[in-house]
Amino acid sequence: MQKIELKPLTQTDVEAIQNWPPYPAAVQELDYALRAGGWLDQFPENETTHRYAAWQNNALVGFTLLTHIADGTSEFYIALHPHHIGHGLGRLLTERTLQLGFAEFGLAMIYLKVREWHQRAIALYTNIGFKVVGRFTEIICDQSVRFIRMEFINPDLAR
């Protein structure tokens, strides 16, 4: 099993992430999230947003966000270093972040949005236990993008 450590994201981590190489062509559309003006600028650390750096063998391999923590719900974001896509880290980081959200913040539900074309991510989230609850369109980088909304209910509350 791979060992991953989640730590609070630092400004040094943010600068390193914004200098990661571009994403591969298959997921190039997601690269904006890593850059200046992307997720880390859109969602600064504060009382309703918690950001985590994912470390493996002393290397920054990804990050996750739980944002808009209010009323027992939060939105989840994840990004991996381009060289670490497809190695099982997405599952590990998602599961660890869900655990943090439920245990540390007492969340009842965590939701996410995933692009309709991103079947690999949809399959991963479904396998973890997220349920599809809707579809919508949003403008991202001046482009109309179709999303699927997925939710994961705190298993301690689902009993």
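A 4.5 Å side-chain heavy-atom check between Asp13 and Tyr52 finds every atom pair outside the cut-off. When side chains are defined from C-beta on, Tyr77 counts as touching Thr67, because their heavy atoms get closer than 4.5 Å. Contact annotation: the side chain of Leu93 approaches that of Ile4 to within less than 4.5 Å [non-hydrogen atoms, C-beta and beyond]. With contacts defined as side-chain heavy-atom distances shorter than 4.5 Å, the pair Phe63/Trp39 qualifies. Put simply, the side chain of Lys131 does not reach to within 4.5 Å of the side chain of Met150, judged on heavy atoms. Put simply, the side chain of Thr94 reaches to within 4.5 Å of the side chain of Ile78, judged on heavy atoms. Contact of the Val61 side chain with the Trp55 side chain is not registered, since no non-hydrogen atoms from C-beta on lie closer than 4.5 Å. Looking at heavy atoms from C-beta onward, Leu66 lies out of side-chain contact with Thr49 at the 4.5 angstrom threshold.
No side-chain N or O of Asp71 forms a donor-acceptor pair with one of Thr73 less than 3.5 Å apart.
Rounding to the nearest 0.5 Å places CG of Leu112 at 8.0 Å from CD of Glu75. Separation of atoms CG (Leu30) and CD (Gln28) is listed at 9.0 Å; rounding is to 0.5 Å. Remark: Arg96 CZ to Leu89 CG distance equals 12.0 Å, nearest 0.5 Å.
A donor-acceptor pair is defined here as one N or O able to donate and one able to accept, closer than 3.5 Å; no such pair exists between the side chain of Asn154 and the backbone of Met109. Asp31 places no side-chain N or O within 3.5 Å of a backbone atom of Val27 that could act as its donor or acceptor partner.
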Checklist entry - Given the rule in the side chain to side chain contact (heavy atoms under 4.5 Å, CB included) test, do Phe105 and His50 qualify, once you have shown the distances and angles that lead to the verdict? => result CA-CA 10 Å; Phe105 306 115; His50 295 281; 3.4 Å; yes
Item to check | Criterion side chain to side chain contact (heavy atoms under 4.5 Å, CB included) on Leu9 and Leu40, from CA distance to verdict | outcome: CA-CA 10 Å; Leu9 195 73; Leu40 297 174; 3.4 Å; yes
Item to check | Trace of the side chain to side chain contact (heavy atoms under 4.5 Å, CB included) decision for Phe147 with Thr137 | outcome: CA-CA 6 Å; Phe147 284 97; Thr137 302; over 6 Å; no
Next on the checklist: Test side chain to side chain contact (heavy atoms under 4.5 Å, CB included) on Val114 and Tyr125; report intermediate values, then the result.
Outcome noted: CA-CA 9 Å; Val114 60; Tyr125 297 136; 4.1 Å; yes
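One hydrophobic cluster, built from ILVMFWY side chains closer than 4.5 Å, holds both Val132 and Phe136.
The shortest non-hydrogen separation linking Gly90 to Leu80 is N-CD1, 3.8 Å. Nearest heavy-atom pair, Pro21 versus Arg35, reported as atom, atom and distance to 0.1 Å: O-NH2, 3.2 Å. Across every non-hydrogen atom of Glu116 and Gln119, the tightest pair is O-NE2, 2.8 Å. The minimum heavy-atom distance between Pro24 and Ile85, with the atom names listed, is CD-CD1, 4.2 Å. Taking every heavy atom of both residues into account, Ser74 and Ile69 meet most closely at OG-CG1, 3.4 Å. When all heavy atoms of Leu98 and Phe130 are compared, the pair lying nearest together is CD2-CZ, 3.8 Å.
In this structure, His84 and His81 have perpendicular ring planes: the angle between them is above 60°, well past the 30° mark.
Just one of Gln143, Arg115, His118 meets the side-chain hydrogen bond (donor to acceptor under 3.5 Å, both in side chains) condition when paired with Glu29; it is Arg115.
Classification of Glu138 and Arg146 as a salt-bridged pair fails, no side-chain N sitting under 4.0 Å from a carboxylate O. Using a cutoff of 4.0 Å between basic side-chain nitrogens and carboxylate oxygens, Glu151 and Arg149 are scored as salt-bridged.
Arg51 forms no cation-pi arrangement with Phe43, by the criterion of a distance under 6.0 Å to the ring centre and an angle within 45° of the ring axis.
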